[in-house]
Number of protein chains: 2
Amino acid sequence: MSQTGRTMAEANDIIEPRVSSHPDVVGVARPRMRDVAALAEVGIKTVSRVINDEPGVSEVTRQKVLQAAQRLNYQLDMAAQSLRRAGRQTLSIGLLLPSVANPFHGQIHRALGDVLASHGMAVLAASLDDDAAREEALVKAFLRRRVDGLVLTPVAKSQGYLPEHSSDLPMVFIDREPVGTDADAVVSDNAAGAAKAAAHLISQGHTKLAYLAGRTDIQTARQRRRGFTDELGRAGISPDTVHFLEGLRSEESARKAVRELLTGAEPPTAIFSAQILVTFGVMRALQELGLNRAVALVGFGDFTLSDMMDPGITVVAQHPEHIGRVAAERILARINGDQQEPQTYIVPCELILRGSGEVPPPPPNR
Amino acid sequence: MSQTGRTMAEANDIIEPRVSSHPDVVGVARPRMRDVAALAEVGIKTVSRVINDEPGVSEVTRQKVLQAAQRLNYQLDMAAQSLRRAGRQTLSIGLLLPSVANPFHGQIHRALGDVLASHGMAVLAASLDDDAAREEALVKAFLRRRVDGLVLTPVAKSQGYLPEHSSDLPMVFIDREPVGTDADAVVSDNAAGAAKAAAHLISQGHTKLAYLAGRTDIQTARQRRRGFTDELGRAGISPDTVHFLEGLRSEESARKAVRELLTGAEPPTAIFSAQILVTFGVMRALQELGLNRAVALVGFGDFTLSDMMDPGITVVAQHPEHIGRVAAERILARINGDQQEPQTYIVPCELILRGSGEVPPPPPNR
DNA sequence: CTGAAAGCGCTAACAT
DNA sequence: ATGTTAGCGCTTTCAG
């Protein structure tokens, strides 16, 4: 009655602490199922059944195994498990964000992580920094780790670098839609949000508007611009009377641009900022010029303390928790075999009035 | 000359696309080293050598293998690799934070992730929400995934739940020191930072101070309080003249507390807030009471737009990037076998003057 | 209800 | 320089 080459008596008496093979590290190697089986005096498969909550084990045996596992502080090795298991899932997904330090994406991460954690799934997170080369490298790194799925904010112009059979790998794009690949996407309703901002400013009586934005090469920026200009059209405002200042890559460049805009000819009476850093730059410029209560401002993207500004900043708020939650649901569905046609899920934006967007235009006289 | 039971000719001609065993998923299973070996007409070990950049392969063979790998879009399976490889490392670490949505911890995450990524290591991140039960559960989940190390912000009163041989698992605590476990820690110099704040307010002539804080049961809060009171002692200010309001668990409770404080008897002329949400509450209360330019404020913890407030908020800034970087270096060192005595690494704080801390006390007359 | 044997994809150790 | 074999810790398959 030998068990894996060791009698039961031996199993109880002789504990051979395998020395860790780690360089410079002395210590006892972590126990394996064999060790638990030996201690519980059962076969290894019975341990496997107990650990995995499979049926077909008597309660007595179960308890014996659980006690042995506890005594040895046994922890299943999921890597080994997933190597053999049907489906071969690793119960992990890869998350690629512009930066985990960015509050907007941090909130997405949080919501997504919570949903996935409740399904026993782990999240591997990495920051891209709008670096297309990194995007490709990190996707490959995640593939080597055999993640069950990928959730990413694409920065590369195209996701054509993905292996042809990428359809095998569940993927959900967030914030931006993919290019050159067909996959689910979860995005804000950028066009409608920007349109709401335009409509709001127009409803306050403004006609001399300015549209300020950052990068123009990303989809979200184009959608916001389209929503804004479409609304101008609906309101019968000629785009010629609107200042479009784009390509503002930093808070500082936005600040300078606004200073020039407002001290130049035909200054606008209301500003829409399509990007959060641009919004910060606009706020600075208005404050410096003492125009914060004289020029209206609506910003795309909410932020902490927006209501503490003078005046409070009216924004088009995105809902990162919502985006994260939907992305989590989609990736889970795909992992579980959902084969429906890839689809883009649109999360609505919300116009939040706080004062800056309700600054009226100056009286028409003179 | 058979290769894994298949002749070379067959290897080239017959491609047997194993069907994915995934439920409802049709598709070709990802290629293994065997497949690459067959295509390149070499042994599997040669493929292993090439893929892992091991020496002892002729350039010609190398190229043959690389081409085959590329053609099949081969990606190494790191899980299988780590199962057999010496050292058995998974090249991943677990990161446990209060919340990945918290900007302070997001910045730590970012810095840590960058350093680790440059060493080919992945980061599994999870949010704890100050839930001790979650801490333990998530640590175990990470252990099952065989992370090479753990970086965590402890919330449990003690880390005694860790397996006895936890010394085998490299661990670095951040923001707070561990209890009941001996491990490296990387923390802000909370005491010195709070002392700087106190010294600054006192140097501005304030003697009627208030100390507001959140939870009192965490180490960082106690250290800040100690630093603050120690400085009072050095300056010869009796703690009896100082209001200590602690246990303010939210921005709102801080706001209310400050309103009562300032409308009550013996109002302070300067406030130190030991926690960022408390700082926000204080700012709100001061603004509501119209006292933002009349009562001095120094807050512990920097935040976006702090300089845009009226007045700018003087803060004791922590350096999350620095904390993250040091934590990454420590966990890497430990993983690589560093056996030195566990140590606490203290990252200095910086007092940043922006106006609110430089509000002078009211003139003594009356 | 239980367990022995085979094998997941890979690398270590040892051939050749 | 290259290949063969065993085995990492686990689950599958199949036999009791």
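Numbered from 1 within each chain, the chains take letters A, B, ... in sequence-line order.
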Need to verify one output field. Residue with the more 5' nearest nucleotide on DNA chain D, B:E59 or B:R146?
B:E59
Using a strict heavy-atom distance below 4.0 Å, which residues from residues 60-70 of chain A are in contact with DNA chain D?
none
At under 4.0 Å, does any side-chain N or O of B:Y74 touch on OP1 or OP2 of C:dG9?
no
Is the phosphate of D:dT2, meaning OP1 or OP2, less than 4.0 Å from a side-chain N or O of B:S58?
yes
[N] [atom2] sits how many Å from [X] [atom1], rounded?
X: B:R34; N: C:dG9; atom1: CZ; atom2: C1'; value: 7 Å
X: B:M78; N: D:dC8; atom1: CE; atom2: C1'; value: 16 Å
X: A:R32; N: D:dG7; atom1: CZ; atom2: C1'; value: 12 Å
X: B:L83; N: C:dG7; atom1: CG; atom2: P; value: 17 Å
X: A:R30; N: D:dC8; atom1: CZ; atom2: P; value: 15 Å
X: A:E41; N: C:dG3; atom1: CD; atom2: P; value: 11 Å
X: B:L72; N: C:dG9; atom1: CG; atom2: C1'; value: 15 Å

Non-hydrogen atoms of A:K140 and B:Q75 that approach each other most closely
CD-NE2, 3.5 Å
If you compare all heavy atoms of B:L124 against all heavy atoms of A:A122, which two are closest, and at what distance to 0.1 Å?
CD2-CB, 3.6 Å
Look at the side chain of [X] and the backbone N and O of [Y], then say whether any donor-acceptor pair between them is shorter than 3.5 Å.
X: A:R146; Y: A:L83; result: no
X: A:R145; Y: B:L91; result: yes
X: A:D148; Y: A:I93; result: no

Base contacts versus sugar-phosphate-only contacts with protein, heavy atoms under 4.0 Å: please encode nucleotides 11-16 of chain C as B, S and - from 5' to 3'.
BBB---
When B:V57, B:I44, B:V42, B:V65 are each screened for side-chain contact (heavy atoms from CB on, under 4.5 Å) with B:R49, the one that passes is B:V57
B:E59 atom CD, over 12 foreign heavy atoms within 6.0 Å
yes
Apply salt bridge (Lys or Arg N to Asp or Glu O under 4.0 Å) to the pair B:R325 and B:D114, showing each step before the final yes or no.
CA-CA 8 Å; B:R325 217 178 319 122; B:D114 283 355; over 6 Å; no
Check A:R34 with A:D77, please: is the shortest side-chain N to carboxylate O separation under 4.0 Å?
no
